[in-house]
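Notes follow once the structure below has been shown.
All values below come from the heavy atoms of this structure, side chains included, with hydrogens, waters and symmetry mates left out. Letters go in sequence order (proteins before strands), and every chain restarts at 1.
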2 protein chains.
Amino acid sequence: MPDSLTGRRRSVLHETRCQTCSLSSLCLPLALEVQDMDQFDAIIRRRAPLKKGETLFRQDNPFTSVFAVRSGSLKQVTTEGSGEDQLTNFYLPSELVGLDGIDEERYPGTAVALETTTVCEIPFDRLDQLSESLPELRGQLYRSMSKELRDDRRMMRLLSRKTADQRLASFFTSLSDRFRRRGYSPYSFRLSMSRADIGNYLGLAVETVSRILGRFQSQGLVEVSGREVHILDLDSLIQVAEEEGAK
Amino acid sequence: MPDSLTGRRRSVLHETRCQTCSLSSLCLPLALEVQDMDQFDAIIRRRAPLKKGETLFRQDNPFTSVFAVRSGSLKQVTTEGSGEDQLTNFYLPSELVGLDGIDEERYPGTAVALETTTVCEIPFDRLDQLSESLPELRGQLYRSMSKELRDDRRMMRLLSRKTADQRLASFFTSLSDRFRRRGYSPYSFRLSMSRADIGNYLGLAVETVSRILGRFQSQGLVEVSGREVHILDLDSLIQVAEEEGAK
DNA sequence: CCTTCTCCTTGATCGTGATCATGGAAGGCA
DNA sequence: TGCCTTCCATGATCACGATCAAGGAGAAGG
């Protein structure tokens, strides 16, 4: 195979071939045939890992690419007018960042790494072209966007109807679920975001986040130490997250 | 032309040809060449107009099509668990309904007509196929979804950071803007939704909606009589919608 | 090491908007 | 026409969570 050198060179920097990526079953190449994956692979750009606090792109930067998170995590923050920032989303491995920039050809928020984070950069014009000949890829892209729409609607429900307790419980059960899907423990994980980030995302004051975490702990639902989280009673947590207005 | 009969038959029911639709410059066929528009036209299905209160699709129905609103308006309502309904969106002419169902192949909410409403049904598998050969159409579809993502993020900001006054003001300025873009008066329009719908959408109690509308009226910002709205001072309304936490 | 931030926790008070309660207006239907 | 239902407005009270205030814990950097 004449591409062994290419393969080797890539590996030296860091592995970016989709075939060997443990996330390929969750990420865009999902459902691609091997030869299709090669094509897809070819348009992906490597990126130096981001350190904590570094930005992947800034609000209003021209939109060029979407990014798949390989490891680590990011938050997306939007500043509107002279108001405060609004944290609109957290992104975990295999998730796509930047899809909301297609329309206006600018990123509608700033993406900041919450820890050391690596991403695959996917130039959107190339992706669009490739999606012409690969129906599976196109479908996957539609699905990714559709899923994000659905998640947003769920978030709206959370913000407009749920109490602070329900919001926190939802946040933890959702995180737990996302970790499980990625093959990590759904019961023990480390938060990469601060209390302030969580509060901002959930529409709560930092103090409220702290207090409720304390309460959850004293109720035996979770064990929290700094950013280290152990979920002790996932079922009850789910129940809290979904409980009726009938409190 | 052998298709004159088809053309005529269509017109008898109601005009559904994109070429003559006044919304084509806002809708999916935007930026399509005439001959491409014909292809697009061919996959669209006619639909009998919906009467007020009738549903276009129900939550958890299998996803088959997206719908472009031609006239009238719809709301999308999601029922989760045994909790209350959440109104996730209003749809006006030229907007696409159902895009959030692609991912799970089920509609994530029920779409209900707020008044007599006509829609163009666009079977998604056909749309996807066609988007393969029509890059402009594909781009338009990506943009539509991306725009909806952006709008959702704006809504999250509204729900998590804005006061009741700001929410109502935002709601009216946004409606005003959407009417203007569609060639209607941005200052005088009729609300197709009830106060309860508005409250549900904005995360407010009906009473709060009523009270604030009354206040806006006494402040000379708007004149409201039932569902008839006249915006008297759009600038101030925009200012209220955007004003700082510095109240 | 100690200093200096940033991050987190806990307490006390206050305000916005939900909730409860009621009456009136308007629209659908016999 | 009048009945009945749904929708809307307005008043009184209350609770959830924001805000203000202060102190502790942990990390970064000299």
Donor-acceptor pairs under 3.5 Å, side chain of residues 195-205 of chain B to any protein atom, not counting sequence neighbours: which ones?
unit_1	atom_1	unit_2	atom_2	d
B/Arg195	NH1	B/Gly226	O	3.2
B/Arg195	NH2	B/Gly226	O	2.7
B/Asp197	OD1	B/Lys75	NZ	3.1
B/Asn200	OD1	A/Arg161	NH1	3.1
B/Asn200	OD1	B/Leu87	N	2.9
B/Asn200	ND2	B/Asp85	O	3.3

Let me have the donor-acceptor pairs involving side chains of residues 206-217 of chain B, under 3.5 Å, with sequence neighbours excluded, atom names and distances please.
unit_1	atom_1	unit_2	atom_2	d
B/Arg215	NH1	B/Asp165	OD2	2.6
B/Gln217	OE1	B/Val224	N	2.5

Between the protein and nucleotides 11-13 of chain C, which nitrogen or oxygen pairs come in under 3.5 angstrom?
unit_1	atom_1	unit_2	atom_2	d
C/dG11	N7	A/Arg211	NH1	2.9
C/dG11	O6	A/Arg211	NH2	3.4
C/dA12	N6	A/Arg211	NH2	3.4

Might you list the N or O atoms of the protein lying below 3.5 Å from N or O atoms in nucleotides 5-8 of chain D, with each pair's distance?
unit_1	atom_1	unit_2	atom_2	d
D/dC8	OP1	B/Arg227	NE	3.4
D/dC8	OP2	B/Arg195	N	2.8

Look for any protein N or O under 3.5 Å of an N or O in nucleotides 23-25 of chain C and output each such pair with its distance, or none.
none

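Considering only residues two or more places apart in sequence or on other chains, B/Glu115 meets the side chain to side chain contact (heavy atoms under 4.5 Å, CB included) condition with B/Ser73, B/Thr117, B/Ser192. In this structure, the side chain to side chain contact (heavy atoms under 4.5 Å, CB included) partners of A/Ser174, at least two apart in sequence or on a different chain, are A/Arg178. For the salt bridge (Lys or Arg N to Asp or Glu O under 4.0 Å) test, no residue two or more places apart in sequence or in another chain qualifies with B/Lys52. Under the side chain to side chain donor-acceptor pair (under 3.5 Å) criterion, B/Ser65 pairs with B/Glu121, sequence neighbours left out. Remark: B/Leu234 pairs with B/Thr173, B/Ser176, B/Tyr187, B/Ile231, B/Ile238 by the side chain to side chain contact (heavy atoms under 4.5 Å, CB included) rule, at least two apart or across chains. For B/Ser160, the side chain to side chain contact (heavy atoms under 4.5 Å, CB included) test picks out A/Gln86, A/Leu159, with sequence neighbours left out.
With the end axes of the helix from C/dC1-D/dG30 to C/dA30-D/dT1 each set by five pairs, the angle from one to the other reads 50° at 10° resolution.
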